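Encoded as structure tokens, the structure appears first; notes follow it.
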Amino acid sequence: MCVKILKLGKLRKLEDGRASVEEERGRVKVAQRCMTKANYLTTLSFTRWVKDWANATPLFEQAALNFKLVKMPEEAKLAYQQAAMGQIKQSSPWTAAKHMEAAGVLAKELSCWNEVVDFFKQASALYVECGKVQPGADALIRGARAVQELKPNDALTMYMDACRLLEDDNREQMAFDTYRAASNLYIKLNKYREAAVVLLRWGQAANKCKATQSQCKAYLSAIIVYLYAESYEDALACYNNCASMDVFSKSDQDQCAQLLFLAYREGRANEIKHVISTSTIIPHLDHMIIRLAKQLPQGKVMSQEVPEMDIT
Amino acid sequence: MSVIDILTRVDVLCKKYEKYDLDKQWAGADSMSGNDQFLRLYTVVEADIEAAREKSQDAQSEKNRAVVATLNAEVRRSKAALKAEIPKLEKLAAKKVKDLSKEEMAARPDLVVALAQKIEDIPDGVTVGRRGGTWGRKASNPLEIKLDAMHPDDLMRPEHYEQTEESLALRQEYEMRRAKQDEGLDIIAAGLTTLKDMAGDINEELDKQMPLIDEVDTKVDRAAADLKNTNIRLKETLTKMRSNRNFCIDLILIVLILGIGGTLYTYSFSPFTPSFVCLQPLLMYQQSFAVTREQLSVFILNAIVSF
């Protein structure tokens, strides 16, 4: 009895498998047919003087969907591109942007990194065209995240473009995650000064939307990054600039920075390590910054002379 | 043995066997209402001394230090009050009283002195260096706590400022407890910092979400209003389509069609009509599908019901 049931199950599975294979073949045929027809409609000829995008676009979309389901990414990507073009011609940038994003995802699967960057940038531009800045920025961020491992410079450009878009639209609060991602990527690439600049920009954005907690954390993170990059003067200058703001000067982060600078002034590495290990503020920063802080001090630590005040 | 000691011992013995002294009992009853103020005051002071002594004994047996301190303070207060009564007693002792023998009169000042000594002897938690020359001044124990009785010699002694074992142990215990408290306070501070950080982040997140929710709220309100309008228009359209006038017209037309169809059917089935021949293929067509008159009428009725 059990053997019969098992055999039946196998048969059903085989049947299902055969059905799914047949279904796939059917989908491929449908997709190819749609693609052919759509290409025919969009090809100019003696009888057709204008491309029929209105009829071709749904066919392209159908073909793209079917190619995607049967896991033929190359064909699906082309179909999505054509569908996006069709939507643009029909003055529907929103749908076109969606199709471009889908094409970008497929390009990522195919490891065509340049195309990924292009598609996501185009999608972002289309979103901005229909007045939707947030989705435009999100598209850039998604694209940057997709290529940050293999094309970090392009990813950084996309991150900063997204930040700029949101800043221009007075939506700085939505850009905090982007700033964090950009600064982390810069730190990964050992570009510490650029990372510090991004952190200071984050602080500025936080100041604009009165997010004091994030602002103070960003400033402290920038100071730590400068110290890690062995540029004590830059760190001190950064601290002096930040301390001129009431919000930072009255915060716990300022006290932590003061202790750090005091230890650096005395030139004692043990003291610096003690300050960082016993601090209750540093563990609440971003994990990359904590990792940098735990490796302080970097380079040779010498006692820093306090510049005398000229009272003449 | 001095006179004072003798008097003290006699007092103790008399007190012990007081109940057998009928004269005293009667005299006590009389003297209380009598003119002997000295005796009256003496009795009261003696009773107070006894009460103070009992309190002092309770303080010595008590373990709770706070209670001990309170009792000792009360004893000291009582002693001070009693010491204030001694000059009064001395004055009264010098007064002449009727029916009193010369020996008794002479003994009264000694009684007052003995009473003063008794007051001094009540322990009140403070060891006072004995003033008096009869026993000579003893070398005071350097480990005893002394209050208001510091001799210059004691201060000059080198061992005076040294730490003892007890004080060292106390200091160590104090340092240990202080370190533990500091540890606990540090942990609390760290926890509070974490809470503050989390609260700050939550606050910022809420500030970020607020305009988004407002936007969603506005859009949903707009969509709801559009939907409402659409529903109203749809209802109007349906009402127009399903109005009674249209229904009557539909019914009349159906009846007409049926009438025409029925006439044609009956006319076509008659063999004398020329159209019979023309309609023969149609009839054959009909027959091929085996559509009877009854089935046709049923079909038409179903069509009417569905409308």
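Remember, predicted model here, so these are calculated numbers, not experimental data. Each chain gets a letter, A, B and so on, in the order its sequence line appears, and its residues count up from 1.
With rounding to the nearest 0.5 Å, the separation of NZ in B:Lys196 from CG in A:Asp252 is 3.5 Å.
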Next item on the list: Mind running side chain to side chain contact (heavy atoms under 4.5 Å, CB included) on A:His284 and B:Asp201 for me, showing each step along the way?
Entry: CA-CA 10 Å; A:His284 298 300; B:Asp201 289 341; over 6 Å; no

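For chain B, the nearby part of A:Lys217 is the side chain; its heavy atoms alone come within less than 4.5 Å. Of the atoms belonging to A:Thr278, not a single heavy atom falls under 4.5 Å from chain B.
Heavy atoms of other residues, nucleotides or ligands lying less than 6.0 angstrom from CD of A:Gln258 number more than 12. Residue-environment remark: CD (B:Glu175) exceeds the threshold of 12 foreign heavy atoms within 6.0 Å. Other residues, nucleotides and ligands contribute over 12 non-hydrogen atoms within 6.0 Å of the CG atom of A:Asn240.
Looking at A:Lys132 and B:Glu215, no side-chain N of the basic residue comes within less than 4.0 Å of a carboxylate O on the acidic one, giving no salt bridge.
Shown here for B:Thr193 and A:Ile281, the closest heavy-atom pair between the two residues is CG2-CD1, 3.8 Å.
Ranked by non-hydrogen atom pairs under 4.5 Å with chain A, the options B:Thr194, B:Asp197, B:Asp207 are led by B:Asp197. Interface summary for chain B: among A:Ala206, A:Ala211, A:Cys209, A:Pro283, the most heavy-atom pairs under 4.5 angstrom belong to A:Ala211.
In this structure the side chain of B:Leu212 reaches within 4.5 angstrom of the side chain of A:Met174, judged on heavy atoms. A heavy-atom distance below 4.5 Å is not found between the side chains of B:Asn203 and A:Gln213.
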